[in-house]
Asker: 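Shown below is the structure under consideration.
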Amino acid sequence: MPEIAIIGGTGIYNPDTFETIEEVFPDTPYGKPSDPILIGRINGVEVAFLYRHGKRHQYPPTNVPYRANMWALKQLGCKYVISACAVGSLQEQFVPGDLVIADQFIDFTKRRDYTYFDDSAVHISIPDPFCPYLNGLFAETAEEMGIRYHRGGTYLCIEGPRFSTRAESNMFRQFADIIGMTVVPECQLARELGLCYCSLATITDYDVWKDEPVDIAMVNRTMSECLAKVLTLLEKGLPKIHDGCAECIEAAKGAGAL
């Protein structure tokens, strides 16, 4: 079974480069994942692909079955989870079209299931929530490709599905570099399960603090323009992933999560 999982949207699943082997739709203690999981190969590497919002985009950010999604990937034998997502920029130097390999997050969500430990006090240590091994690997690959990228950046996660007000956007600028709606609780659930988690975030807009207000048409347009770059990054980066990280699983073991 695959050790690598990719969570993303319709554009990230590319039938021209993804060789599908089978489709599975496992049950978990938290229900079904957001969509059947596609098992296949990218550039010869076996991976599991999951549509975060469902293939029909039927789950808004709040209602994505995050716990089922991450549990199902762990159940399949995955060790590494790579999230491909769209974000807004909160800083001038983070330009639409750039790739951000986030290294921190700030949680501004309100209504989600954040942990697998509802019935016991398990305190996970998460000072550096994203996997340093995967972050370094994809930063090196982006460098080799010669694309604009930022190694590190703070991702502020909001509830959604609406975008920010101007007042919110200007407040968020004091604390973070990019803004999105999905990294929480995905990232912290991965840590509870001992999974290595990396976010490859494509900047699609300047949120609402600069220039024109953001809308979904703008997000989709910029994301489609950047898809080839993200797909090439995955094709070149995935074959480099081997057993090279102990930090994420040790953090889970240390908290008694595993």
Asker: Taking all heavy atoms of Leu156 and all of Ala176, pick out the closest pair and write down the distance.
Answerer: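 Smallest heavy-atom distance, with atoms named: CB-CB, 3.7 Å.
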Asker: Could you check if a side-chain atom of His53 sits within less than 4.5 angstrom of a side-chain atom of Gln58, using non-hydrogen atoms only?
Answerer: no
Asker: Consider only side-chain heavy atoms of I, L, V, M, F, W and Y, link residues closer than 4.5 Å, and tell whether Leu233 and Leu137 are in one cluster.
Answerer: yes
Asker: Is the closest basic N to carboxylate O distance between Glu144 and Lys240 below 4.0 Å?
Answerer: yes
Asker: Do Val87 and Leu90 share a hydrophobic cluster (ILVMFWY, side-chain heavy atoms under 4.5 Å, transitive)?
Answerer: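 As far as the 4.5 Å side-chain criterion goes, Leu90 and Val87 are not connected within one cluster.
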Asker: In terms of side-chain geometry, is the basic nitrogen of Lys79 or Glu3 positioned less than 4.0 Å from the acidic oxygen of its partner?
Answerer: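 Judged by the 4.0 Å cut-off on N to carboxylate O distance, Lys79 and Glu3 do form a salt bridge.
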Asker: Within the distance-only criterion (no hydrogens, no angle test), does the side chain of Gln188 pair as donor or acceptor with the backbone N or O of Val184 below 3.5 angstrom?
Answerer: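 No, because the side chain of Gln188 does not come within donor-acceptor range (under 3.5 Å) of the backbone of Val184.
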Asker: Does the ring center of Trp209 lie less than 6.0 Å from the ring center of Phe172?
Answerer: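 Ring-ring flag for Trp209/Phe172: false, centres at least 6.0 Å apart.
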Asker: Heavy atoms, side chains only, cut-off 4.5 Å: are Leu200 and Ile82 in contact?
Answerer: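 Yes; the side chains approach each other to less than 4.5 Å.
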Asker: Would you please indicate yes or no on a ring centroid separation below 6.0 angstrom for Tyr114 and Tyr66?
Answerer: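 No, they do not, as the ring centres are separated by 6.0 Å or more.
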Asker: Please examine the side chains of Thr154 and Ile178, heavy atoms only from C-beta on, and report whether any two atoms are closer than 4.5 Å.
Answerer: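 With C-beta onward as the side chain, the pair stays apart.
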Asker: Is there a side-chain contact between Glu186 and Arg52 (heavy atoms, below 4.5 Å)?
Answerer: yes
Asker: Is any side-chain N of the basic residue among Asp118 and Arg67 closer than 4.0 Å to the acidic one's carboxylate O?
Answerer: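 Judged by the 4.0 Å cut-off on N to carboxylate O distance, Asp118 and Arg67 do form a salt bridge.
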Asker: Is it the case that the side chain of Asp205 and the backbone of Pro96 share a donor-acceptor pair, with hydrogens and angles ignored and the cut-off at 3.5 Å?
Answerer: no
Asker: Ring pair (Phe, Tyr, Trp, His ring centres under 6.0 Å), that's the test. Do Tyr197 and Tyr80 meet it? Break it down for me.
Answerer: CA-CA 6 Å; Tyr197 182 94; Tyr80 307 97; over 10 Å; no
Asker: Output, in order, the C-alpha distance, side-chain angles, deciding distance and verdict of salt bridge (Lys or Arg N to Asp or Glu O under 4.0 Å) for Glu92 and Arg173.
Answerer: CA-CA 10 Å; Glu92 190 81 47; Arg173 293 192 66 213; 5.6 Å; no
Asker: Can you tell me how far apart CD1 (Ile179) and CZ (Phe108) are? Round to the nearest 0.5 Å.
Answerer: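 Between atom CD1 of Ile179 and atom CZ of Phe108 there are 9.0 Å.
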Asker: Is there a side-chain contact between Val219 and Phe163, using heavy atoms and a 4.5 Å cut-off?
Answerer: yes
Asker: Donor-acceptor check, side chain of Arg191 to backbone of Pro129, threshold 3.5 angstrom: yes or no?
Answerer: yes
Asker: Measure from the ring center of Phe105 to the ring center of Tyr155 and say whether it is less than 6.0 Å.
Answerer: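 Ring centres of Tyr155 and Phe105 not closer than 6.0 Å.
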